[in-house]
Colleague: 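Right, I'll just put the structure down here and ask away after.
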Amino acid sequence: MEAHGLGLEGLYDKAKQAVRLETDRPNVLRQAIVACRKGGTVSVPGVYTGFVDKMPMGAFMNKGLTMKTGQTHVHKYLKPLLEHIQNGKIDPSFVITHRLPLEQAPHGYEIFKHKKDSCIKVVLKPGQA
């Protein structure tokens, strides 16, 4: 739901969303289908809530792709991921673009929502000045 398309497809999606004929942003899903190898699997562990348009179903069918979807199983993966971070095997800090005190949470949500200042991930820290 967060990915914004560019070019003609992006303008098309934006116009359809403005008049409520399309409720999601299918840009990344389209790209994943086109980029996937023949016989591959397109995994969608994200959030799509409604209708999308202009899906490359010909590419999906001709490549014989499989699609797997669903919400991310956070509780299943949280403990092993935290262990990898603690052991230094994974460093997720590259995703963090903004660190703000808890009092600035409304501002953090605003810049994330509107992708201002190249915002990808905001970390809120209680007690930080």
Colleague: Mind checking side-chain contact (heavy atoms from CB on, under 4.5 Å) for V44 and listing every partner two or more places apart, or none if nothing turns up?
Modeller: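 With neighbours one apart ignored, the set is L29, V42, Y48, M67, T69.
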Colleague: Mind checking who shares a hydrophobic cluster with I96, ILVMFWY linked at side-chain heavy-atom distances under 4.5 Å?
Modeller: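 Members alongside I96: V123.
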Colleague: Under the 4.5 Å side-chain heavy-atom rule for ILVMFWY, direct or indirect, which residues accompany F94?
Modeller: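 Same cluster as F94: V95, I120.
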Colleague: Please check if the number of heavy atoms outside Y12 that lie under 6.0 Å from its OH is greater than 12.
Modeller: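 Yes, the 6.0 Å shell around OH holds more than 12 heavy atoms from other groups.
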Colleague: Could you note down all residue pairs passing salt bridge (charged side-chain N to carboxylate O under 4.0 Å, His left out) where residues 52-80 supplies at least one of them, sequence neighbours left out?
Modeller: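 Matches after skipping sequence neighbours: K16-D53.
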Colleague: Name all residues meeting the side-chain contact (heavy atoms from CB on, under 4.5 Å) criterion together with A15; count only those two or more places apart in sequence or in a different chain, and write none if there are none.
Modeller: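 Expected list: none.
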Colleague: Any idea which heavy atoms bring V122 and G108 closest together, and the distance?
Modeller: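 Closest approach of V122 to G108: CG2-O, 3.8 Å.
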Colleague: Going by the rule side-chain contact (heavy atoms from CB on, under 4.5 Å), which residues pair with P92 if we only count those two or more places apart in sequence or in a different chain?
Modeller: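 Only I85, I90 meet the side-chain contact (heavy atoms from CB on, under 4.5 Å) criterion with P92.
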Colleague: Quick one: side-chain hydrogen bond (donor to acceptor under 3.5 Å, both in side chains) partners of E110, sequence neighbours excluded?
Modeller: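 Once residues adjacent in sequence are excluded, the partners of E110 under the side-chain hydrogen bond (donor to acceptor under 3.5 Å, both in side chains) criterion are H114.
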Colleague: With sequence neighbours excluded, tell me which residues meet side-chain contact (heavy atoms from CB on, under 4.5 Å) with E103.
Modeller: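 Result, side-chain contact (heavy atoms from CB on, under 4.5 Å) vs E103: P101.
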Colleague: Any chance you could measure Y77, atom OH, to L82, atom CG, to the nearest 0.5 Å?
Modeller: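 Here the rounded value is 15.0 Å.
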Colleague: List, by chain and then residue number, the residues other than L8 in its hydrophobic cluster (Ile/Leu/Val/Met/Phe/Trp/Tyr, side-chain heavy atoms under 4.5 Å); write none if there are no others.
Modeller: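 Joined to L8, directly or through intermediates: none.
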Colleague: Measuring from atom CD of E9 to atom CG of D13, what distance do you get when rounded to the nearest 0.5 angstrom?
Modeller: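 Those atoms lie 7.0 Å apart.
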Colleague: Rounded to the nearest 0.5 Å, how far does CG of N27 lie from NZ of K14?
Modeller: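 K14 atom NZ to N27 atom CG measures 13.5 Å (nearest 0.5 Å).
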Colleague: Give me the atom names and distance for the closest heavy-atom approach of C36 to L65.
Modeller: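 C36 and L65 have their closest heavy atoms at SG-CD2, 3.7 Å.
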Colleague: Might you point out which heavy atoms bring L124 and Y109 nearest each other, and give the distance in Å?
Modeller: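 Answer, listing the atom of L124 first, then Y109: CD1-CE1, 4.5 Å.
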Colleague: How close do I33 and A59 get, counting heavy atoms only, and between which atoms?
Modeller: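 Nearest heavy atoms, I33 then A59: CG2-CB, 4.3 Å.
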Colleague: By the rule that ILVMFWY residues connect when side-chain heavy atoms come within less than 4.5 angstrom, directly or transitively, which residues belong alongside L11?
Modeller: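 None; L11 is a cluster of one.
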Colleague: Name all pairs fulfilling the side chain to side chain donor-acceptor pair (under 3.5 Å) condition that reach into residues 89-102, sequence neighbours left out, sorted by first residue then second.
Modeller: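 Applying side chain to side chain donor-acceptor pair (under 3.5 Å) to every pair that reaches into residues 89-102, excluding sequence neighbours, yields D91-S93, H98-D117.
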